[in-house]
**Q** 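If you scroll down you'll find the structure; I have some questions about it.
Chain naming here is simple, since letters A, B, ... match the order of the sequence lines and numbering starts at 1 in each. These numbers come from a predicted model, not from an experiment.
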There are 2 protein chains.
Amino acid sequence: MYTIKEVAKLMNVSEHTLRFWAKSGLFPGVKRDANNIRQFSDHDLGWVKIVKCLRSVGTDNKSIKRYIDLCLVGDSTIPERFGIIKATRIKALQQMEELKKQLELLDYKESYYEELIRNNKNDKYNPVNDIKEAVS
Amino acid sequence: MYTIKEVAKLMNVSEHTLRFWAKSGLFPGVKRDANNIRQFSDHDLGWVKIVKCLRSVGTDNKSIKRYIDLCLVGDSTIPERFGIIKATRIKALQQMEELKKQLELLDYKESYYEELIRNNKNDKYNPVNDIKEAVS
DNA sequence: TTAATTCTTGAGAGTTGCTATCAGTCAAGT
DNA sequence: ACTTGACTGATAGCAACTCTCAAGAATTAA
């Protein structure tokens, strides 16, 4: 069993955010002790993990709640859950591509500045001449 | 020259967001025509591109504004700009790693559901048994 | 030539997802 | 008894959009 603080540290999510997610119904059935303090089980950490995963790909909390609720219903919702996961995976792959592209720009700019510094040049008169192709 | 609508389409950013960014001072010196309508040049697209890049890595608008302003100052700010780009690149790499990790979970869940459907099993009694290792 | 349609504009309201503040409860240590 | 620390819910504040709207110009249709 873990306190909210331990979960926060373990999962690298702030306590505030965990409480916010809990209030939003994203962690079903987290037990409380005699003093009303949340006790996360390993099972509950599973919920935290999937919520964190869906959030990191940009899924909004309402849609996450829907996925959680589908899980609770049982096997009749497997096809829909499967669809959600598949769609989310596609989204993650797209984000990966996008991130790669932006990384290329950053690489380019970094080496541009490197050269600028090495040659003691300046770019005063064209503050964005480190951007070659303008269209993303 | 491009209208805001064209830029939105070209850069895959909403017109609303472009206006919001413009109002925040993220696009310095975008010209207007006789009817006060913004005319983005290719040079301006460069600004849009770098703003989009920094945003996509999670840089907040205030920090982006700072970077833009540093660009406008000229060569004396090259070291600081270099630092910003380097730090941003590191951040992008970390996000890449994080995304990869989440993608693994999604892959796992997808194949789990696939098997579930193939075998016509159900997971009614343990809605999150598709999560093996709970700790992220 | 008038009317309807299509842009664009700025202002401002509304939304999401946190994030921070605060007062209050409880338990353990000194 | 008293302080310290962890946890609680309620509430306020914030960033970054996102949406709605009225106004104004230009293009097109009748």
**Q** Can you check the B/Tyr2 OH to C/dT8 P distance for me, whole Å?
**A**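 Computing the B/Tyr2:OH to C/dT8:P distance gives 15 Å.
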
**Q** Among the nucleotides C/dC18, D/dC19, C/dT9, which one has an atom lying closest to any side-chain atom of B/His16?
**A**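 Minimum distance to the B/His16 side chain belongs to D/dC19.
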
**Q** Whole-Å distance between D/dA15 C1' and B/Ile64 CD1?
**A**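 Result: 12 Å.
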
**Q** Taking A/Asp60 for the side chain and A/Lys62 for the main chain, is one N or O donor matched with an acceptor at less than 3.5 Å?
**A**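 Indeed, once roles are kept as given, a pair shorter than 3.5 Å links the two residues.
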
**Q** Sequence neighbours excluded, which residues qualify as salt bridge (Lys or Arg N to Asp or Glu O under 4.0 Å) partners of A/Glu104?
**A**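 Counting only residues at least two positions away or on another chain, A/Glu104 forms no salt bridge (Lys or Arg N to Asp or Glu O under 4.0 Å).
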
**Q** When you measure from the side chain of A/Lys109 to the backbone of B/Ile85, do you find a donor-acceptor pair of N or O atoms at a distance under 3.5 Å?
**A**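 No, because the side chain of A/Lys109 does not come within donor-acceptor range (under 3.5 Å) of the backbone of B/Ile85.
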
**Q** Nearest whole Å is fine: how far is D/dC17 C1' from B/Glu15 CD?
**A**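 Nearest whole value for this atom pair: 15 Å.
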
**Q** Select base, sugar-phosphate, or nothing to describe what A/Arg38 touches, counting heavy atoms under 4.0 Å on all strands.
**A**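 Sugar-phosphate only.
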
**Q** Please tell me which of the listed nucleotides, D/dA6, C/dC7, C/dT9, lies nearest to the side chain of A/Lys5?
**A**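 Shortest atom-to-atom distance from the side chain points to D/dA6.
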
**Q** Please report the interatomic distance CG(A/Asp75) to CZ(A/Arg81), rounded to the nearest 0.5 Å.
**A**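 Result: 8.0 Å between the selected atoms.
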
**Q** Grab the CG-C1' distance between B/Asn36 and C/dA11 for me, whole Å please.
**A**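 It is 14 Å, rounded to the nearest whole Å.
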
**Q** Can you check nucleotides 12-17 of chain C for protein contacts, nitrogen or oxygen pairs under 3.5 Å, and list what you find?
**A**
| residue | atom | partner | partner atom | Å |
| --- | --- | --- | --- | --- |
| C/dG17 | OP1 | A/Asn61 | N | 3.0 |

**Q** OP1 or OP2 of C/dT25 sitting under 4.0 Å from any side-chain N/O of A/Arg32?
**A**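 Answer no for this pair, as no side-chain N or O of A/Arg32 is under 4.0 Å from OP1 or OP2.
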
**Q** Determine whether A/Lys100 and B/Met96 satisfy the following criterion, side chain to side chain contact (heavy atoms under 4.5 Å, CB included), listing intermediate values before the conclusion.
**A** CA-CA 8 Å; A/Lys100 253 184 221 161; B/Met96 201 75 137; 3.2 Å; yes

**Q** Between A/Glu98 and A/Gln94, do the side chains contain an N or O donor and an N or O acceptor separated by less than 3.5 Å?
**A**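 There is no such pair (donor and acceptor under 3.5 Å, judged by atom type) between the side chains of A/Glu98 and A/Gln94.
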
**Q** Could you write out each protein N or O paired with an N or O of nucleotides 27-29 of chain C at a distance under 3.5 Å?
**A**
| residue | atom | partner | partner atom | Å |
| --- | --- | --- | --- | --- |
| C/dA27 | OP1 | A/Asn35 | OD1 | 3.0 |

**Q** Heavy atoms under 4.0 Å, any strand shown: does A/Thr3 hit a base, just sugar-phosphate, or nothing?
**A**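 Result for A/Thr3 = sugar-phosphate.
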
**Q** Rounded to whole angstrom units, what separation is found between the NZ atom of B/Lys65 and the C1' atom of D/dA15?
**A**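 From B/Lys65 NZ to D/dA15 C1': 17 Å.
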
**Q** Do side-chain atoms of A/Glu6 reach the backbone of A/Thr3 as a donor and acceptor pair under 3.5 angstrom?
**A**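 Confirmed, A/Glu6 side chain pairs with A/Thr3 backbone.
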
**Q** Once you round it to whole Å, what is the distance between P of C/dC7 and CD of B/Glu6?
**A**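 My rounded result for the distance is 11 Å.
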
**Q** Quick check on A/Arg55: does its CZ atom have over 12 non-hydrogen neighbours (other residues, nucleotides or ligands) under 6.0 Å away?
**A**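 Atom CZ in A/Arg55 is packed in, count exceeds 12.
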
**Q** D/dA6 P sits how many Å from A/Gln39 CD, rounded?
**A**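 After rounding, the reported distance stands at 17 Å.
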
**Q** For A/Cys71 and B/Tyr113, which heavy atoms make the closest approach, and how far apart are they?
**A**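 Looks like SG-OH, 4.3 Å.
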
**Q** Would you kindly give the CG-to-C1' distance between A/Leu18 and D/dC7, to the nearest whole Å?
**A**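 To the nearest whole Å, that distance equals 13 Å.
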
